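By convention in this document, chain letters (A, B, ...) are assigned in the order of the sequence lines, proteins followed by strands, and residues within each chain are numbered from 1. A quick note: this is a predicted structure, and the numbers were derived from the prediction, not measured.
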Amino acid sequence: MRCFGTAMTSAPIAPAAEPQEGRNRYDFAAVEAKWQQYWLTHKTFRAELTPGKPKAYVLDMFPYPSGAGLHVGHPEGYTATDIYCRFLRARGVNVLHPMGWDAFGLPAEQYAIQTGTHPAVTTQQNIATFRRQIQALGFSYDWDREVDTTDPHYYRWTQWIFLQLFEKGLASQAEIAVNWCPALGTVLANEEVSDGKSERGGHPVIRKPMRQWMLKITAYGERLLEGVERLDWPEGIKAMQRNWIGKSEGAEVDFDIENDLGKLRVFTTRPDTLFGATYMVVAPEHPLLGQLVTPEQKDAVEAYVLAAARQSERDRTDAGRPKTGVATGRSAINPVNGQRIPIWVADYVLGGYGTGTIMAVPAHDERDFAFAKTFGLPIVQVVSADGKPFESAQSAAFTEEGVAIHSSKFDGLTTAAFKKAITEQLVAEGRGEARVNYKLRDWVFSRQRYWGEPIPIYYPMDGAQAASSPEAVEAAVRSASARIRYDQPIAVLASELPLLLPETTDFQPTGDAEPPLSRCLGWRYFQKDGKWFARETNTMPQWAGSCWYYLRYLDPRNDQAPASKEAIDYWLPVDLYVGGAEHAVLHLLYARFWHKVLFDCGVVPTDEPFQRLVNQGMILGEDNEKMSKSRGNVVNPDVMLKEFGADAFRLYEMFMGPLEQVKPWATAGLHGTKRFLQRVWTLFDKPISEAAPEGDTLRLLHKLIQKVTDDTQNLRMNTAIAAMMGALNELVRLETLPRQVAETFAVLLAPYAAHLAEELWQKLGHGPSVSRVPWPSYDPALCIDDFLELPVQVNGKMRGKLMVARGTPAAELEALALADAGVLRHTEGKTIRKVIVVPDRMVSLVVS
RNA sequence: GCCGGGAUGGCGAAAUGGUAGACGCAGGGGACUUAAAAUCCUCAGCCCCUAGACAGGGCGUACGGGUUCAAGUCCCGUUCCCGGCACCA
């Protein structure tokens, strides 16, 4: 390979550092600053839509710019993608590699509440810090494509996508129970509640029905599930997505309530156990509960329902908790055998799943078994492994599949056959039907918060005509003489987007459930055609902006569409998406959902956004614990950069181990990568010879190209770096450095230690930039050695080594092996039973 | 409990079924230096034999079995660790 600088010689750039007297120290600080400046001003890594040129869209999960700044976990994935992108560019691929900010969210708003600083101000400060820190690492992002989810030019399109969902009937309002904390004056996420108290402050939290915007992600459940199969994602993440969607197939069955009180419908995945149903359970929130409870049981049931309502969803669903429940006093009729079975109410049945009612089969369901034991309810076995009845009373539920018993004419059927037969019979009798259920719930999409995208919806008002001002409208609403018609939502016209967040300094929660935007009266109430309207005052959750940012990068300044059709058609899908596993479910599921909706709208041509996903493993503290402020084991990248430089830092993060693996930080390790860079720098002080490399050096070079190419392609940066270190250890022994070796080494190093490689390239007499130099190729014939050291085993133990020429025939190898001194020691006086010779590999002898 | 991923020197790790520990960190010895840092050279899995070195031998990839001429790697079982989910009928 012969590489000469191709372009940009006219660019003003400082001369390469000259070797000084004595020891030539590599001044990483100066060199890194110089090249970062160069890349930025020359837009070296700008991505341009080039029809016909192969493309790669390599995406990092964009960060939430927190006040704490970057931590060492961020640059791990960013470094991996940066190396990969620089490598691909050198291989002639048109690479799109952008960065941006997921900047709406709670911390900025909390900070505003405490200090009065507007979230927009905090956010911009934090973004500036993050940008500075990320740029100091020398990543090859196309900064012209930077996006910020809080920028109205961005969230205009977030709102536009919401309107698409609204028009398709996928966004609607519902009264649902949320975790309301009166003391904090806010709704809390399930994760923020434990034991019925708020995580922060320990205030009581109640379940309170409130009007919420919901997105019907359940309508896409099957497609989201099925799409997982075609994705090149880690198996674990795919499993989590499947599990979250939670598809289960079964049947719904009607049970008549005695005294002609109607029917209760249950969902079951085991209709084959119908004969074993000995009682039923309805969820405490079941709508028919009030009608079916008997007068004697009314008080007890009401008390139970009240207690259940006080629990959070999370506590309700905490497995392993003792079973509780109350009999309703009423019974139902088992449709297959006419038996009267009691109906209970218990909180282990959830109102939101299936029909909110179950048939309990204690013999074959662990939960029902525990409940039946607690309350002394009958247990009837209807499935056995071998078709024979159980000998003794069960000590646990038998939940496996098996053969039916005690099920009249169905006895002897396997579980699968029974399910099919009984479902057909129930359908024929009009008592049930086959049914698929999903655990996936619709997405609660509204937040009672200020710092989020306003939902672009408004409502007509009754009784507000006379009002002369927003304040008067508000007064009328408060006195109940005017009413907001939430049942008649109107979409803001797409042409009127963005619907801007109003300026306010009033972020304090007030104790009622009204979002802060409700108090921006001049924004909330407006007149149109002489009538008053009220805007939606909930905002979108933080997930909204990150659901589609990968699209905006394609065409970030477009004010006609989220991105142009040409850009979308050219760049999509994302070829490689790298980020932490903490987003395994929510972000990745929500983004896939939106993408599929946009696919249905004809906006995107693919039905999945992220073809390939890689999770970088978490970096732990030096103490092997998760990094956290409270543990005091957080490593600050700024400090590391100052002492070791960006190249050494990046190299270390990659050298620590495989990208996907969890691994502990060790600052001492940075000495190694810094030393390596210094030694490379010193290597280039050797006299450069123009003669072509030959012999071992040539072989070394080609092996190195092969190894680095292979490993980089497969994101095995750790072993690529090890190979470069190994090669360096050989090259330092040379008297002079052949130009071809030096140039190739610089090009191979460039994706990994980009600043140093640029400097070396310049030092070799080339103009910038090494990033424009094509990746070297290798000759496979030069990657294999002429002479090999072959092991000889005797009875499986290594007893000798043969130095032989490649291709030495088996017979000759056998003769050599048998004559080897080390081997003879173990074969003397013994019989050779077997000789296995694998040419160019090894010789194995079996003796006795 | 279920799902996913792990377990290799003092530490991070490497190894198409074919010489376990490449590459690095930390460490020992040496050179340079007034000294230190930096740099360079060099040693190094554990154990036995040995005055020491060479040579040699034994044991070693969480544990127990198995397949194979040959197992860190493949198969069966077990333990422990990490991540996620967890009363979803």
Side-chain angles (χ1 to χ4, degrees), chain A residues 23 25 234-240 242-244 246-248 250 266-270 273 281 314 316-321 323 346-350 352-361 364-368 370-371 437-441 581-582 584-585 615 617-618 620 622 624 626 651-652 655-658 660-673 675-676 678-679 682 716 718-729 732 788-802 821-822 825 833-838 840-847:
Chain A
R23 191 132 274 138
R25 303 273 298 138
E235 207 36 60
I237 304 290
K238 297 209 309 190
M240 279 191 236
R242 286 190 204 103
N243 185 267
W244 191 263
K247 179 179 184 173
S248 59
V266 304
F267 171 71
T268 177
T269 55
R270 294 293 299 271
T273 61
V281 183
R314 170 159 289 210
R316 268 286 294 279
T317 58
D318 185 14
R321 201 163 135 257
K323 295 279 179 289
D347 66 2
Y348 82 93
V349 172
L350 308 172
Y353 181 78
T355 60
T357 307
I358 61 156
M359 62 174 206
V361 185
H364 305 290
D365 181 280
E366 285 170 23
R367 300 150 300 184
D368 297 343
F371 191 84
N437 260 318
Y438 299 87
K439 278 198 266 186
L440 184 67
R441 307 292 173 85
E582 66 273 20
V585 179
N615 290 125
M618 199 181 5
L620 306 174
E622 301 230 25
N624 244 300
K626 209 168 178 162
L651 224 39
Y652 173 67
F655 189 61
M656 287 169 81
E660 292 94 331
Q661 190 169 305
V662 176
K663 42 212 175 276
W665 182 263
T667 299
L670 277 153
H671 292 293
T673 50
R675 200 172 289 150
F676 166 67
Q678 175 63 53
R679 299 218 304 147
T682 311
R716 291 191 299 250
N718 54 329
T719 47
I721 294 166
M724 287 189 272
M725 287 174 167
L728 175 68
N729 289 342
V732 293
L788 304 165
E789 195 186 39
L790 298 192
V792 182
Q793 291 181 0
V794 179
N795 286 349
K797 284 194 205 281
M798 232 271 292
R799 298 301 186 187
K801 293 174 187 176
L802 309 175
R825 248 197 306 278
R833 300 281 177 203
K834 198 169 175 184
V835 181
I836 294 126
V837 183
V838 184
D840 295 340
R841 268 265 178 255
M842 50 87 66
V843 179
S844 185
L845 306 175
V846 185
V847 304

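Residues A:Met842 and A:Gln793 are in side-chain contact: their nearest non-hydrogen atoms beyond the backbone lie under 4.5 Å apart.
Note on A:Arg679: a side-chain N or O is less than 4.0 Å away from OP1 or OP2 of B:C40. Contact annotation: A:Gln678 side-chain N/O to B:A38 OP1/OP2 distance is not under 4.0 Å. For A:Arg25 and B:A38, the shortest distance from a side-chain N or O to OP1 or OP2 is not below 4.0 Å. An OP1 or OP2 oxygen of B:G12 is reached within less than 4.0 angstrom by no side-chain nitrogen or oxygen of A:Asn624. For the pair A:Asn243 and B:C2, the criterion of a side-chain N or O lying under 4.0 Å from OP1 or OP2 is not met. The phosphate of B:A89 (OP1 or OP2) has a side-chain N or O of A:Ser248 nearer than 4.0 angstrom.
When atom types are taken as modelled, the side chain of A:Lys439 and the backbone of A:Tyr353 share no donor-acceptor pair closer than 3.5 angstrom. A side-chain donor-acceptor contact under 3.5 Å links A:Asp368 to the backbone of A:Val361.
Around the CD atom of A:Gln661, the shell of radius 6.0 Å holds more than 12 heavy atoms that belong to other residues, nucleotides or ligands.
With a glycosidic angle no further than 90° from 0, B:G9 counts as syn.
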Using nucleotides 67-76 of chain B, report all nitrogen or oxygen pairs with the protein that are shorter than 3.5 Å.
residue	atom	partner	partner atom	Å
B:C69	OP1	A:Lys834	NZ	3.2
B:C69	O2	A:Ser844	OG	2.7

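Taking the C1' atoms as reference points, B:U68 lies 39 Å from B:A53, given to the whole Å. B:U61 and B:A20: their P atoms are spaced 12 Å apart (whole Å).
Between A:Ile721 atom CD1 and B:A14 atom P the separation is 12 Å, expressed in whole Å.
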If a pair means Watson-Crick or G-U wobble with both distances below 3.5 Å, what does RNA chain B look like in dot-bracket form, with | marking bases paired to a different strand? (((((((..(((.....[....))).(((((.......))))).((((.......))))..(((((..]....))))))))))))....
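Seen from the ring of A:Tyr348, A:Lys323 counts as a face-on cation partner, given the 6.0 Å and 45° thresholds.
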Where along nucleotides 56-66 of chain B does protein come under 4.0 Å, by heavy atom, of base (B) or sugar-phosphate alone (S), with - for untouched nucleotides? SSSS-------
